[in-house]
Amino acid sequence: MLQELMTALALVGTGAVVYAAAAARVIRQYERGVVLRFGRLTGSVRGPGFTLIVPGIDRLHKVNMQIVTMPVPAQDGITRDNVTVRVDAVIYFKVVDPVDAIIRVEDYRFAVSQMAQTSLRSILGKSNLDELLSNREKLNQGLELMMDSPAVEWGVTIDRVEIKDVSLPEGMKRSMARQAEADRERRSRLINADAELQASKKLAQAAAVMSEQPAALQLRLLQTVVAVAAEKNSTLVLPFPVELLRFLERAGDHREDQAATPSSQAATETPSTRAEEAPAPRFPSPVPEAVGRS
């Protein structure tokens, strides 16, 4: 009798151990448990730690509450200004309601991935190429708003969306490079022109000051000679006064004017003027003849 009782107790203990092993579940700190009994939601969400379920009747679904990083595959699209681009992105999301994530959607990860791809293609068609390259922050915010609205019904919240890379056709890259080069050249020319304008103003002011003090020009000439002589070369510099050049130029102009004056007078004389200027003929006086006769 005692042996049978011991056997029964052993069987009960073994069954209890097996049942406990089958019913025991451990939920980690970053997880939450949702129990479905005969396919229906029962009880509240199970917190982290040790918990028990009814083996064969209950089914425990563990939901990760951590932020999930999911890459979005590269999507080909056409921008609003008809440029073909290839864009990929990354999305950060987390589950805020484990019950909705299990009950309302079959696979919330796959649903978020597909929604991210369609939203990315949609935002590409609404944006220009310049916005896609220079104003990504605005596009990221637009993607987040587009994805967050349906994701809330699934118990998921979109934490952040980032566009990773924008791939352009090779022809478009070359066109943009030429455009950037032309723009840099234009800016360099404007800067050089501005520098020339400022330098001309300063030179005009310096010339005005030197004109008041002629000795300043000689000092500047000597400084130039010293600067040239400092360079060890075989160039011979001979200072030549500018005033002497001006004197020689004025003397040459005066000689040309004098040479041109007689020729102009000779050209203006006519036969009539020469006849008028010719002296009248002189005839002998009749007085001596009268005297001889007498």
Side-chain angles (χ1 to χ4, degrees), residues 27-34 36 41 45 48 59-184 186-187:
I27 301 175
R28 286 169 284 193
Q29 181 66 37
Y30 52 86
E31 294 176 339
R32 297 296 182 269
V34 178
L36 297 178
L41 180 66
V45 177
R59 187 175 180 182
L60 178 65
H61 296 271
K62 297 180 181 180
V63 181
N64 192 340
M65 305 296 290
Q66 292 177 315
I67 294 178
V68 180
T69 303
M70 178 181 294
V72 180
Q75 302 296 313
D76 294 326
I78 300 177
T79 61
R80 192 167 58 183
D81 49 355
N82 298 325
V83 178
T84 303
V85 294
R86 185 179 179 86
V87 181
D88 58 352
V90 60
I91 179 175
Y92 303 89
F93 67 93
K94 64 179 179 180
V95 178
V96 294
D97 192 343
V99 176
D100 290 341
I102 296 298
I103 302 300
R104 290 182 177 273
V105 63
E106 180 181 2
D107 187 353
Y108 67 91
R109 288 176 177 266
F110 181 75
V112 171
S113 175
Q114 295 299 313
M115 182 180 59
Q117 296 179 34
T118 55
S119 300
L120 183 58
R121 285 194 295 268
S122 177
I123 204 71
L124 285 179
K126 298 178 181 179
S127 305
N128 293 327
L129 180 62
D130 294 337
E131 296 177 354
L132 192 61
L133 296 176
S134 61
N135 196 7
R136 293 191 183 182
E137 190 66 28
K138 181 179 178 180
L139 298 180
N140 293 337
Q141 293 177 0
L143 275 173
E144 183 176 348
L145 291 176
M146 291 178 63
M147 297 177 60
D148 195 47
S149 298
V152 171
E153 300 179 0
W154 306 335
V156 177
T157 180
I158 306 301
D159 187 70
R160 193 172 182 180
V161 181
E162 293 287 345
I163 295 177
K164 293 173 59 178
D165 187 26
V166 179
S167 300
L168 299 175
E170 293 298 329
M172 181 59 64
K173 290 181 181 180
R174 289 192 293 269
S175 300
M176 294 177 66
R178 288 195 299 268
Q179 179 182 0
E181 183 179 359
D183 185 54
R184 287 194 298 268
R186 178 184 62 85
R187 286 184 292 177

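Position 1 is the first residue of the sequence; numbering continues from there.
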Engineer: Only one of I78, V166, L132 passes side-chain contact (heavy atoms from CB on, under 4.5 Å) with L124; say which it is.
Structural biologist: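 Option passing the side-chain contact (heavy atoms from CB on, under 4.5 Å) with L124: L132.
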Engineer: So, taking the atom named CD1 in I158 and the one named CE in M115, what distance separates them when rounded to the nearest 0.5 Å?
Structural biologist: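 Result: 4.5 Å between the selected atoms.
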Engineer: Looking only at heavy atoms, what is the nearest atom pair of V95 and A101, with distance?
Structural biologist: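 It is CG1-CB, 3.8 Å.
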Engineer: Drop me the distance from Q114's CD to S119's OG, to the nearest 0.5 angstrom.
Structural biologist: 11.0 Å
Engineer: Tell me, with the steps shown, if T69 and Y92 meet side chain to side chain contact (heavy atoms under 4.5 Å, CB included).
Structural biologist: CA-CA 5 Å; T69 303; Y92 303 89; 3.4 Å; yes
Engineer: Within a reach of under 6.0 Å around CZ of R160, are more than 12 heavy atoms found that belong to other residues, nucleotides or ligands?
Structural biologist: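 Atom CZ in R160 is not crowded, with 12 or fewer foreign heavy atoms closer than 6.0 Å.
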Engineer: Any chance you could lay out the side chain to side chain contact (heavy atoms under 4.5 Å, CB included) test for V63 and V45, step after step, and finish with the verdict?
Structural biologist: CA-CA 10 Å; V63 181; V45 177; over 6 Å; no
Engineer: Would the distance check show the side chain of N140 and the main-chain N or O of I163 forming a donor-acceptor pair, the cut-off being under 3.5 Å?
Structural biologist: yes
Engineer: Decide yes or no on side chain to side chain contact (heavy atoms under 4.5 Å, CB included) for L36 and I103, but give the supporting numbers first.
Structural biologist: CA-CA 10 Å; L36 297 178; I103 302 300; 4.2 Å; yes
Engineer: Looking at S175 and G171, would you say the former's side chain and the latter's main chain have a donor-acceptor pair under 3.5 Å?
Structural biologist: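 Side chain of S175 to backbone of G171, a donor-acceptor pair under 3.5 Å: yes, one is there.
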Engineer: Could you tell me which non-hydrogen atom of R109 sits nearest to which non-hydrogen atom of M70, and how far apart they are?
Structural biologist: O-CE, 3.5 Å
Engineer: Using every non-hydrogen atom in the two residues, find where E153 and D100 come nearest and quote the distance to one decimal.
Structural biologist: O-CB, 4.1 Å
Engineer: Once you round to the nearest 0.5 Å, how far does CD1 of I91 lie from CD of E144?
Structural biologist: 9.0 Å
Engineer: Could you pull out the closest heavy-atom pair between A89 and L120, with the gap in Å?
Structural biologist: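 Nearest heavy atoms, A89 then L120: CB-CD2, 4.3 Å.
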Engineer: Can you measure from CD (Q117) to CD (Q75) and round to the nearest 0.5 angstrom?
Structural biologist: 4.5 Å
Engineer: Which pair of non-hydrogen atoms, one from E31 and one from N64, has the smallest distance, and what is that distance?
Structural biologist: CG-CA, 4.5 Å
Engineer: Could you tell me which non-hydrogen atom of V112 sits nearest to which non-hydrogen atom of W154, and how far apart they are?
Structural biologist: N-CZ3, 4.2 Å
Engineer: Heavy-atom distance under 4.5 Å between the side chains of D76 and T84, does that happen here?
Structural biologist: no
Engineer: Tell me whether D88 contacts the main-chain N or O of D165 through its side chain, where contact means a donor paired with an acceptor under 3.5 Å.
Structural biologist: yes
Engineer: Just wondering, are more than 12 heavy atoms of other shown residues or ligands nearer than 6.0 Å to CZ in R59?
Structural biologist: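 It does not: R59 CZ has 12 such atoms or fewer within range.
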Engineer: Could you state the interatomic distance from CD1 (I123) to CE (M147), rounded to the nearest 0.5 Å?
Structural biologist: 11.5 Å
Engineer: Please round to the nearest 0.5 Å and tell me the distance separating atom NZ of K138 and atom CG of L143.
Structural biologist: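 Going from NZ on K138 over to CG on L143, the span is 13.0 Å.
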Engineer: When you look at R32 and I27, which way does the side chain to side chain contact (heavy atoms under 4.5 Å, CB included) test go after all the steps?
Structural biologist: CA-CA 7 Å; R32 297 296 182 269; I27 301 175; 5.7 Å; no
Engineer: Should we count CD of E181 as having more than 12 external heavy atoms under 6.0 Å?
Structural biologist: no
